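Excluded from the calculations below are hydrogen atoms, water molecules and symmetry mates; all remaining heavy atoms, backbone and side chain alike, are included. Since the structure is predicted, the reported quantities are computational estimates derived from the model, not experimental observations.
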Amino acid sequence: MNLFADIRALVIDCLTELTEAGVLPSGLAFDNIAVEPPRDASHGDMATNAAMVLAKPAGMKPRDIAQALADKLSGDARVATVEVAGPGFLNLSLDATVWAGMVKAALSNADFGKSTLGAGKKINVEYVSANPTGPLHVGHTRGAIFGDALASLLDYAGFDVTREYYINDGGGQVDVLARSVYLRYLEAHGQEVTFEDGTYPGDYLIDAGEALKAKVGDAYVGKDEDVWLADVRSFSTDAMMDLVRTDLASLGIKMDNFFSEKSLYGTGRIEEAINDLKSKDLIYWGSLKPPKGKLPDDWVAREQWLFKSTDFGDDEDRAVQKGDGTWTYFAPDIAYHFDKVSRGFDGLVDVFGADHTGYVKRMKAAVAALSNNTVTLDIKLAQIVRLFKNGEEFKMSKRAGTFITVQDLVDEVGKDVARFIMLMRKNDTPFDFDFDKVTEQSKDNPVFYVQYANARVHSVLRKAHEAGVDTSDLASADMTLAAHPAELTLAGKVAEWPRVVDVAARSNEPHRVALYLYDLASEVHALWNRGNDDTSLRFLQEDNVPASQAKIALIRSASVVISHGLGILGVTPAEEMR
RNA sequence: GCACCCGUAGCUCAGCUGGAUAGAGUACCUGACUACGAAUCAGGGGGUCAGAGGUUCGAAUCCUCUCGGGUGCACCA
């Protein structure tokens, strides 16, 4: 169904025939041959670099190869014309029936664009994984939205995807959370409290304090920490995870699995993972060199258990156990990824915040070691989003209480806008998010641009219905009645969809889908406006039902693709904009 | 000091993993609503792709170095 892949296969077939005929020397590698949409429309529908790639290894002039290939290619029914251009490009234009076939495929096949790339392979996408110490704030949204769209994309590309959230409930900060909730609990009992020792003063814990009171009454009032800490900790993390789940839901995110870090402790699972590495001779007792540059004041040389991550491309070996004998944070991370590997995933994706850049190498090293290089781990970094309000950068601070929550964001701009804007950009480029512009709900919103294109198509469908034009079987329309160059341009854009899915999924880059949808919408709008000047390009042709059906089939195929694409991005494909 | 990410139009960002004359949006200028929805379209100006070398038929893209910005750098999660 991917036209570009089909034509590439055709090119390879022709080259193989040329090799068999002795025109080309045998043993040439065809891997680097590409068939792509040309940048310039005057260069036809597709271009291939085959002749230039093969010229050197074949010891021939590129244009000679190009000519021989051109002669072969022109024998195929799908190929209308072939031109040798520039240094040896082959520019192909395809027969109009090819485009008609793609339009019909989009209309009649609900799986148009779905790929077999994944072949049912199991992929685990871990994202968000924010500490369960409060509601999600805007800093989390980019990774959350990115990870979710990536998961959908991979699913669309034929992978068996699991969406997963790693709950960091094993470390010291959940103790801080528990103490903070305890203070709110005392407050609920009428006591004056002050938030010291780094405890969280945010209002969002008031409810948790009240809830704790409702649950245990005054049982913990005036008691020592060892009496209540464990219980309050689990009570608090549960409460925070409820908030997180609500926040995720408001962004349209539903996880398949929540994995608790705490579940790794005291169950032998960390030991199991570390022993696996030990058995591979990758854990040793030693000491690390002091960090270069400015030395921390309290640095002391120390012997500890180290993971030989330098064997897998890391810069330093990494400690798995602290000086006091307890595990470092890295140890449960290893165990967690060991668990993922054990669950039989063929590939893992971790979506990290930009502040975790430093852990990429060691995590990859760990997965490579644990899986004997059989499982790939791709780590995508969600870069910083700088917020602008009233023309000035808006700095968030938990302490000053000036942080914008996911809930604030969704209330202001809505889920669809938040998602689309974030997904327009590549995940690893920092970008500026102007709150005011997006809040205007007007021009500066690419989301509306895409949705509007879809709405316009549905408007035509409604008009067609009023005019008595049967649109129930558009796939059978006679597409020769919609073969104006401007119309074929749109058909060509629709035909690119499967390729976009393929490329985006291969590189784990859902933003390509968003950008493509914008382009596709642009073509829809352009063709629409052409109808203002040239009535023969209007979708509803008076007293000509077959022509109307063909033209409607064309734009309907575009809207079908828009729906699929927005579905992947988690954005609602509105049918009306009123 | 080391590692990773980044540097493309005034601004915000793409650039299909090495392809042809580097593109959108925004802003500025000009034009198109008696109209299938103008939240739209058509056109114009705007660039040393941070800089310098290198690899080759061909570089914004790959390699090296320099400059500039971000993030992270024993024991914290």
Side-chain angles (χ1 to χ4, degrees), chain A residues 32 34 36-40 43 47 49 52-53 55-56 62 85-89 91 131 168 170-174 261 287-296 298-302 304 314-316 318-319 321-324 326 328-330 332-333 353-361 381 383-384 424-426 428-434 437 441-446 448-449 451-453 455-457 459-464 467 496 499-500 503-504 506-507 509 511-512 515-516 518-519 522 524-533 535 538-540 548 551-552 555 576-578:
Chain A
N32 290 328
E36 298 172 323
R39 188 169 306 181
D40 191 327
H43 292 146
N49 59 358
M52 288 177 296
V53 171
K56 194 173 184 185
F89 283 103
N91 292 332
N131 297 327
N168 288 111
Q173 58 212 328
V174 288
E261 177 192 355
S287 59
L288 292 170
K289 282 171 286 190
K292 303 261 166 56
K294 54 182 177 192
L295 207 60
D298 54 349
W299 190 88
V300 287
R302 172 176 293 141
Q304 55 201 155
D314 200 357
D315 311 297
E316 300 284 346
R318 304 293 172 179
Q321 216 171 38
K322 295 186 218 166
D324 64 3
T326 60
T328 65
Y329 64 87
F330 187 40
D333 273 347
D355 54 341
H356 283 65
T357 347
Y359 309 116
V360 171
K361 284 186 179 178
L381 297 173
Q383 265 294 347
I384 304 278
M424 286 274 289
R425 271 80 180 192
K426 221 165 68 184
D428 57 2
T429 22
F431 85 96
D432 296 348
F433 189 93
D434 192 323
K437 276 193 176 177
Q441 297 243 334
S442 61
K443 301 179 185 175
D444 295 326
N445 249 313
F448 292 134
Y449 185 83
Q451 288 182 324
Y452 184 33
R456 276 180 147 178
V457 174
S459 176
V460 170
L461 288 172
R462 287 191 294 270
K463 289 280 178 188
E496 275 183 42
R499 181 174 181 273
V500 168
V503 172
R506 279 179 201 280
S507 50
E509 291 182 342
H511 78 279
R512 292 179 190 278
L515 293 169
Y516 165 79
Y518 190 88
D519 283 348
S522 176
V524 170
H525 289 308
L527 184 56
W528 181 290
N529 278 69
R530 286 289 294 267
N532 290 342
D533 301 326
T535 54
R538 297 180 62 154
F539 305 118
L540 273 171
S548 298
K551 291 167 190 292
I552 292 170
I555 52 162
E576 276 187 291
M577 301 294 288
R578 294 175 203 283

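Here A/H43 lies parallel enough and close enough to stack on the base of B/rA20, with planes under 30° and ring centres under 5.5 Å apart. An aromatic stack links A/F89 and the base of B/rA20, using centre distance under 5.5 Å and interplanar angle under 30°.
Residue A/V360 is classed as having no contact, given no heavy-atom separation below 4.0 Å to the nucleic acid. Nucleic acid contact for A/R302: base, since at least one base atom lies under 4.0 Å from a heavy atom of the residue.
Listed pair A/H525 / B/rC36 fails the phosphate criterion, with no side-chain N or O lying under 4.0 Å from OP1 or OP2. For A/Y452, no side-chain nitrogen or oxygen approaches OP1 or OP2 of B/rC41 to under 4.0 Å. Neither OP1 nor OP2 of B/rC13 sits under 4.0 Å from any side-chain N or O of A/R425. The side chain of A/W528 places an N or O atom within less than 4.0 Å of a non-bridging phosphate oxygen (OP1 or OP2) of B/rA38. Contact check, A/R530 against B/rA32: no side-chain N or O comes under 4.0 Å of OP1 or OP2. One finds no side-chain N or O of A/T357 lying less than 4.0 angstrom from the OP1 or OP2 phosphate oxygen of B/rU71.
Whole-Å rounding puts the A/N529 CG to B/rA35 P distance at 14 Å. Atom CZ of A/R538 is separated from atom C1' of B/rA32 by 14 Å (rounded to the nearest Å). When rounded to the nearest whole Å, the span between CD of A/Q383 and C1' of B/rC5 equals 6 Å. Distance, A/Y516 OH to B/rA14 C1': 16 Å, rounded to whole Å. Atom pair A/F448:CZ and B/rU40:P shows a separation of 11 Å (rounding to whole Å applied). Going from atom CD of A/E316 over to atom P of B/rC4 covers 13 Å, rounded to whole Å. Following rounding to the nearest Å, A/N445 (CG) and B/rA24 (P) show an atom-to-atom distance of 21 Å.
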Grab the N/O contacts between the protein and nucleotides 6-10 of chain B below 3.5 Å, and write none if there aren't any.
none

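B/rC13 and B/rC6: their P atoms are spaced 14 Å apart (whole Å). Remark: the separation of the C1' atoms in B/rA14 and B/rU61 is 13 Å, to the nearest Å. Of the P atoms belonging to B/rA59 and B/rG18, the separation is 14 Å, rounded to the nearest Å.
The base of B/rA20 sits within donor-acceptor range of the side chain of A/N91, with an N or O pair under 3.5 Å. Judged by distance alone with a 3.5 Å cut-off, a donor-acceptor contact links the side chain of A/R499 to the base of B/rC16. Between the side chain of A/D355 and the base of B/rG72, no donor-acceptor pair of N or O atoms lies under 3.5 Å.
In this structure, B/rG53 and B/rC63 make a Watson-Crick or G-U wobble pair, each of the two defining distances being under 3.5 angstrom.
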